[in-house]
Amino acid sequence: QRNFTAALKTEPNDFDSNYTLGLTAYNLEKFDEMIGAYQRSIEINPKHLGARYNLALAMKRKGLFEEAAQQAEEAKKIDSNDKDTNAMLASVYDEWKADLLKKGSAAVTEDRLREAVDQWKKVLLIDSHNAEAQKYISDTEPIIEQRVKELMVRGDKAYEEGAIATALDNWQQAAALDPTNTDVQA
């Protein structure tokens, strides 16, 4: 690794040194270095399938699924028949969906319902027929709707009692839960 780092100091635009540094960083599980090396490789040679593939792999390993998908899609544009690239792309999307489902479930356990629904909606952008995300959303949205109603009633009551700060707090919580609700925004 030191030899490649030294070579890059004198010739930072050397594709082979950047690419090999990326491979070395992968073997050492230094994914930030790997990402940097492959990004530089792609700047030098944007059509290099291996650099795109490996960059997607590093991003996937770091949990940067959206970025990994973008790089895997770019690799697929270079060679749409490459089996490894197609398998990588499918794997990235599968892991990304699983990650979003997990984040949504974690948000529910912490009572962050809007955030949970937003995570599950991202799953549907990747896979519009994902039954799990659809069910989670259909189970959670009525709870949000009920909480918004309760917050609005509490806010209205607090306002009538002259507790303006409490009223505003309740209304703001309702707006955060359902930013598209025109009754809340009024």
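Nothing fancy with the numbering, it's 1 onward along the sequence.
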In chain order, what residues pass the salt bridge (Lys or Arg N to Asp or Glu O under 4.0 Å) check against E150, with sequence neighbours excluded? none

Is R147 paired with D111 through a side-chain N to carboxylate O contact shorter than 4.0 Å? yes

Common cluster, I143/L151, ILVMFWY with side-chain heavy-atom separation under 4.5 Å: yes

Using side-chain heavy atoms (C-beta onward) and a distance below 4.5 Å, is K62 in contact with D32? yes

Just do the side-chain hydrogen bond (donor to acceptor under 3.5 Å, both in side chains) check on D178 and T180 with the steps written out, would you? CA-CA 5 Å; D178 191 357; T180 62; 3.0 Å; yes

Can a side-chain donor-acceptor contact be found between T20 and N18 if the only test is distance below 3.5 angstrom? no

Report the C-alpha distance between N81 and N86 in whole Å, list the side-chain angles of each, state the deciding distance to 0.1 Å, and finish with yes or no for side-chain contact (heavy atoms from CB on, under 4.5 Å). CA-CA 8 Å; N81 297 316; N86 288 320; 5.6 Å; no

Check residues 118-125 and write down every donor-acceptor pair under 3.5 Å in which the side-chain atom is one partner and the other belongs to a residue at least two apart or another chain.
none

Using the salt bridge (Lys or Arg N to Asp or Glu O under 4.0 Å) criterion, which residues pair with E66? Sequence neighbours excluded. none

Hey, what else clusters with L49 if you join Ile, Leu, Val, Met, Phe, Trp, Tyr whenever side-chain heavy atoms sit under 4.5 Å? I78

For Y159, all residues meeting ring pair (Phe, Tyr, Trp, His ring centres under 6.0 Å), sequence neighbours excluded: W171

When you group the ILVMFWY residues by side-chain heavy-atom contacts below 4.5 Å and let the links chain together, are V148 and L168 in the same group? yes

Where is the tightest heavy-atom contact between F65 and K60, given as atom of each residue plus distance? CE2-O, 3.8 Å

Is the CD atom of E145 crowded by more than 12 outside heavy atoms at less than 6.0 Å? no

Run the numbers on N170 and M152 for side-chain contact (heavy atoms from CB on, under 4.5 Å), then give the verdict. CA-CA 7 Å; N170 281 285; M152 291 299 292; over 6 Å; no

Locate the shortest heavy-atom distance separating R40 from L21; write the atom from each residue and the value. NH2-CD2, 3.8 Å

CE (M88) and CD (Q71) are apart, to the nearest 0.5 Å, by 11.0 Å

Do the side-chain N and O atoms of Q173 and D169 include a donor-acceptor pair separated by under 3.5 angstrom? yes

Looking at residues at least two apart in the chain, or sitting in another chain, which of them share a salt bridge (Lys or Arg N to Asp or Glu O under 4.0 Å) with D139? K135

